[in-house]
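Starting from 1, each residue takes its place in the sequence as its number.
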Amino acid sequence: MSRPFHALAFAGLTAFWLGAIPLGCQKSTMTPTHPTSQATNAFAAFDPERFDARDADWRVGPIIYQVFVDRFVPPVDPAKQAAFFQPPRSFRSDWNRIPQPGTRVPDLGCSSHELEFWGGDLAGVRSKADYLKSLGVDVVYLNPIHAAFTNHKYDAQDYAAVSLEYGTRGDVSALAADCHTRGMKLMLDGVFNHMGRTAPRFQNAMRDPASPDRGWFIFDPACKNGYRAWYNVPNLPEVNLENPAVRDHVWESRDSVVRSYLREGVDGWRLDVAYDIGFDYLSAITRAAHAEKPGSAVIGEIWNYPEPWMPAMDGLMNFHQRQVLLDWFDGRIDGARAGELLDGMVRDTGIDHLLKCWTVLDNHDTPRLKNRIPDPALRRIARVLQFTLPGAPCVYYGSEVEMEGGDDPRNRAPMRWDLIAEGNEDLAFFRKLVELRRGSRGLRVGDWRLLSAKRLMAFQRYTDRWRDTAIVVVNTDAVPVKEVIPARDGRLMNFAPLLDVLSGQRIKVRTGLLELDVPARTAMVLVPTDDAGVEYSPYKRVP
């Protein structure tokens with residue numbers, strides 16, 4: 001007796017067999033244990049349109065350069081700038097002096113070092129636009145420029161006005177135009193969670209309980225200062241975002257701060273203490289920014305795990321990733337564990353979100369990297385990772401020459417222009433990393449894949465094209481490490497060479513494996529190369 005021949009389709013696959021349909025399979029509702037969309041070798045992983053879309057989005061993987069305007073370029077006319085700073089504020093003319101901690105000024109709710117100024121302005125930033133372009137910068141990000149009492153300006157007096165010593169809103173638009181002419185973008189720092197105690201609105205609210213400005217803040221006798229202040233700092237009264245008038249002024253109305261600056265040429269906002277603003281208001285700010293200027297960027301300062309914060313914003317400053325790296329370099333975890341933590345972060349957050357996040361190693365709130373990681377070899381590894389991990393390298397001004405600076409205010413020293421010289425090894429290494437990243441589509445917009453290793457930390461960045469692949473291998477140990485790791489990319493041909501672009505060393509792929517001998521405290525960035533010329537090439541039919 002002949003047996004029936006059956007075909008059963010499910011989840012895009014077709015199975016054939018002779019005989020009765022197995023019990024429970026009478027309906028085509030079965031799905032494979034590992035759906036095709038999740039398989040690491042699925043054709044969808046090499047979809048060129050996905051990578052092309054990332055390539056076309058300036059928010060994906062740019063090089064950001066953070067500027068503290070007061071400390072970036074010495075003033076052309078020091079006497080003119082000094083006139084802006086009347087006691088208790090003071091003007092410093094000793095440009096290369098590292099700021100030192102001051103004393104508390106109780107009546108002002110701040111410290112004396114917050115009232116020291118070196119006189120940098122927006123015209124000075126404009127004068128260095130060509131330098132920034134030559135450095136390979138894609139985005140210029142300014143610390144707050146709005147009217148404020150302190151030098152750091154996180155105590156806004158007026159969100160809509162530029163601080164007088166910096167210039168005018170016309171100067172902001174001119175700087176944006178200078179950036180755009182050179183193929184760069186300009187982003188501002190929005191400090192919308194709190195203002196300053198010297199803000200006219202707050203002073204009005206303090207004097208007159210019936211003032212309309214009273215609703216801008218939260219007054220409560222139970223609070224230490226009689227009003228809610230950020231981290232209980234008296235100089236930083238929190239803004240009442242639940243007040244519709246506040247939201248209208250900051251982001252909702254056409255003439256709001258967020259929307260008007262975008263209309264005048266700015267390309268995006270970095271939001272201070274975004275974790276305090278909350279998901280709903282962050283989403284509203286992002287929607288307003290995108291409505292005013294499609295493709296603009298909203299990036300939040302987030303010190304938490306990054307997973308839930310997008311798409312409330314386009315991206316975030318990835319301090320979680322920074323802490324993983326620091327724990328690794330400090331010896332609290334090893335390279336393999338660091339890789340696992342980073343891999344979990346990528347999986348939870350999603351690569352497309354993460355590519356818009358900023359890779360931060362140091363900034364105005366942390367010690368500079370040279371002070372945090374004194375070992376030059378480990379510090380260079382950190383810089384390599386900043387330029388090769390998924391995300392956008394956010395470079396604090398002066399990092400290209402590894403400026404020194406400990407805790408605040410030492411980390412906010414004036415820019416060391418005297419160190420910008422062709423013989424500076426730190427500058428040369430920085431330029432090499434910029435060149436590497438700008439020449440690698442995989443490092444800018446590629447996906448991420450962790451590579452299995454015991455003592456090393458290794459990962460792959462890849463796109464739809466084999467030439468874009470980059471394999472990063474790191475040994476933070478004080479001794480060399482020999483290890484065999486998988487390449488995990490079937491497009492890398494057997495016996496085809498990989499070039500370490502940092503050392504010039506060549507390694508051959510051996511049936512999908514890499515036999516590595518990594519020197520102590522060294523990072524390798526391996527990229528495939530095809531040396532065959534017009535002769536035989538195993539890559540001739542591989543995309």
K.L.:
Looking at R97, is its backbone amide N or carbonyl O close enough to the side chain of D94 to form a donor-acceptor pair, meaning the two atoms are under 3.5 Å apart?
P.N.:
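No, D94 side chain to R97 backbone: no donor-acceptor pair under 3.5 Å.
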K.L.:
Is it true that a side-chain atom of D327 and a backbone atom of R332 form a donor plus acceptor pair closer than 3.5 Å?
P.N.:
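No, D327 side chain to R332 backbone: no donor-acceptor pair under 3.5 Å.
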K.L.:
Would you call D362 and R322 a salt bridge, taking side-chain N to carboxylate O under 4.0 Å as the test?
P.N.:
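Between R322 and D362 there is no salt bridge, as every charged N stays at least 4.0 Å from the carboxylate O atoms.
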K.L.:
Considering non-hydrogen atoms only, spot the tightest contact between W448 and L389 and give its length.
P.N.:
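Nearest pair, atom of W448 first, then L389: CZ3-CD2, 3.8 Å.
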K.L.:
Is it true that F387 and F430 have ring centroids separated by less than 6.0 Å?
P.N.:
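Centroid separation for F387 and F430: below 6.0 Å.
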K.L.:
Check whether any side-chain N or O of K293 sits under 3.5 Å from a backbone N or O of V266 as a donor-acceptor pair, and report yes or no.
P.N.:
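Looks like yes, one N/O pair under 3.5 Å.
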K.L.:
Decide, yes or no, whether a salt bridge links D178 with K128 under the criterion of side-chain N to carboxylate O below 4.0 Å.
P.N.:
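A salt bridge is absent here (no side-chain N lies under 4.0 Å from a carboxylate O).
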K.L.:
More than 12 foreign heavy atoms under 6.0 Å from CZ of R228: is that the case here?
P.N.:
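No, CZ of R228 has 12 or fewer neighbouring heavy atoms, counting only those of other groups under 6.0 Å.
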K.L.:
How about Y131 and W417: are their ring centroids closer than 6.0 Å?
P.N.:
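Between W417 and Y131, which both carry aromatic rings, the centre distance is below 6.0 Å.
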K.L.:
Which of these passes salt bridge (Lys or Arg N to Asp or Glu O under 4.0 Å) with D447: R347, R50, R441?
P.N.:
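Result: among R347, R50, R441, R50 is the only option passing the salt bridge (Lys or Arg N to Asp or Glu O under 4.0 Å) with D447.
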K.L.:
Between W309 and H353, is the ring centre distance below 6.0 Å?
P.N.:
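They do not qualify: ring centres at least 6.0 Å apart.
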K.L.:
Step by step, would you call D314 with H290 a side-chain hydrogen bond (donor to acceptor under 3.5 Å, both in side chains)?
P.N.:
CA-CA 10 Å; D314 295 304; H290 290 177; 2.9 Å; yes
K.L.:
Return yes if some donor-acceptor pair links the side-chain N/O of N411 with the main-chain N/O of R368 below 3.5 Å, else return no.
P.N.:
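No, because the side chain of N411 does not come within donor-acceptor range (under 3.5 Å) of the backbone of R368.
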K.L.:
Heavy atoms, side chains only, cut-off 4.5 Å: are L108 and L115 in contact?
P.N.:
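Yes. Closest side-chain heavy atoms under 4.5 Å.
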K.L.:
Any sub-3.5 Å donor-acceptor pair from S173's side-chain atoms to E264's backbone N or O?
P.N.:
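Present.
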K.L.:
Donor-acceptor pair, R71 side chain versus A413 backbone, under 3.5 Å?
P.N.:
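Absent.
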K.L.:
Answer yes or no: is there an ion pair linking R412 with D365, defined by an N-O contact shorter than 4.0 Å?
P.N.:
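Counted as a salt bridge, because a side-chain N and a carboxylate O are separated by less than 4.0 Å.
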K.L.:
Just checking, is any N or O donor in the side chain of T168 or D171 under 3.5 Å from an acceptor N or O on the other one?
P.N.:
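Yes, D171 and T168 have a side-chain donor paired with an acceptor closer than 3.5 Å.
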K.L.:
On the six-membered ring of F117, is R92 placed so that its NZ or CZ lies under 6.0 angstrom from the centre and within 45° of the ring axis?
P.N.:
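No, a cation-pi geometry is absent between R92 and F117.
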K.L.:
Kindly assign one of parallel, tilted or perpendicular to the pair F217 and F202, based on the angle between their ring planes and the thresholds 30° and 60°.
P.N.:
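Taking F202 first and then F217, their aromatic rings stand perpendicular (interplane angle over 60°).
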K.L.:
Would the distance check show the side chain of N371 and the main-chain N or O of G405 forming a donor-acceptor pair, the cut-off being under 3.5 Å?
P.N.:
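Yes; at least one donor-acceptor contact below 3.5 Å.
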K.L.:
Please determine whether side-chain hydrogen bond (donor to acceptor under 3.5 Å, both in side chains) holds for the pair H152 and E114, giving the CA-CA distance in whole Å, both sets of side-chain angles, and the decisive distance to 0.1 Å.
P.N.:
CA-CA 7 Å; H152 55 71; E114 297 175 78; 2.7 Å; yes
K.L.:
Answer whether the closest heavy-atom distance between the side chains of H194 and P237 falls below 4.5 Å.
P.N.:
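Heavy-atom side-chain distance check fails, nothing below 4.5 Å.
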K.L.:
So that I know where these two stand, are W230 and Y154 an aromatic pair - ring centroids less than 6.0 Å apart?
P.N.:
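Not under 6.0 Å, so no.
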K.L.:
More than 12 heavy atoms of other residues, nucleotides or ligands under 6.0 Å from CD of Q323: is that the case?
P.N.:
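Yes, CD of Q323 has more than 12 neighbouring heavy atoms, counting only those of other groups under 6.0 Å.
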K.L.:
Could you tell me if K153 sits above the aromatic ring of Y166, with its cationic atom closer than 6.0 Å to the ring centre and no more than 45 degrees from the axis?
P.N.:
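Yes, K153 and Y166 form such a contact.
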K.L.:
Hey, is the main chain of F319 close enough, under 3.5 Å, to the side chain of W358 for a donor-acceptor pair?
P.N.:
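No, W358 side chain to F319 backbone: no donor-acceptor pair under 3.5 Å.
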K.L.:
With a 6.0 Å cut-off (strictly less than), is the heavy-atom count around CD of E242, excluding the residue itself, greater than 12?
P.N.:
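More than 12 within 6.0 Å, yes.
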K.L.:
Mind telling me whether F192 and W269 have parallel, tilted or perpendicular rings, with 30° and 60° as the class edges?
P.N.:
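Plane angle between 30° and 60°, so tilted.
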K.L.:
Over 60° means perpendicular and under 30° means parallel, so classify the ring planes of Y396 and H364, tilted if in between.
P.N.:
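Aromatic pair H364/Y396 classed tilted.
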K.L.:
Between R89 and F84 (side chain of the first, backbone of the second, donor and acceptor by atom type, cut-off under 3.5 Å), is there such a pair?
P.N.:
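Here the side-chain-to-backbone pair exists.
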K.L.:
Can a salt bridge be assigned to the pair R438 and D138 using a cut-off of 4.0 Å between side-chain N and carboxylate O?
P.N.:
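Judged by the 4.0 Å cut-off on N to carboxylate O distance, R438 and D138 do form a salt bridge.
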K.L.:
Judged by atom type as modelled, is there a donor-acceptor pair below 3.5 Å linking the side chain of R437 to the main-chain atoms of G61?
P.N.:
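Answer holds: yes.
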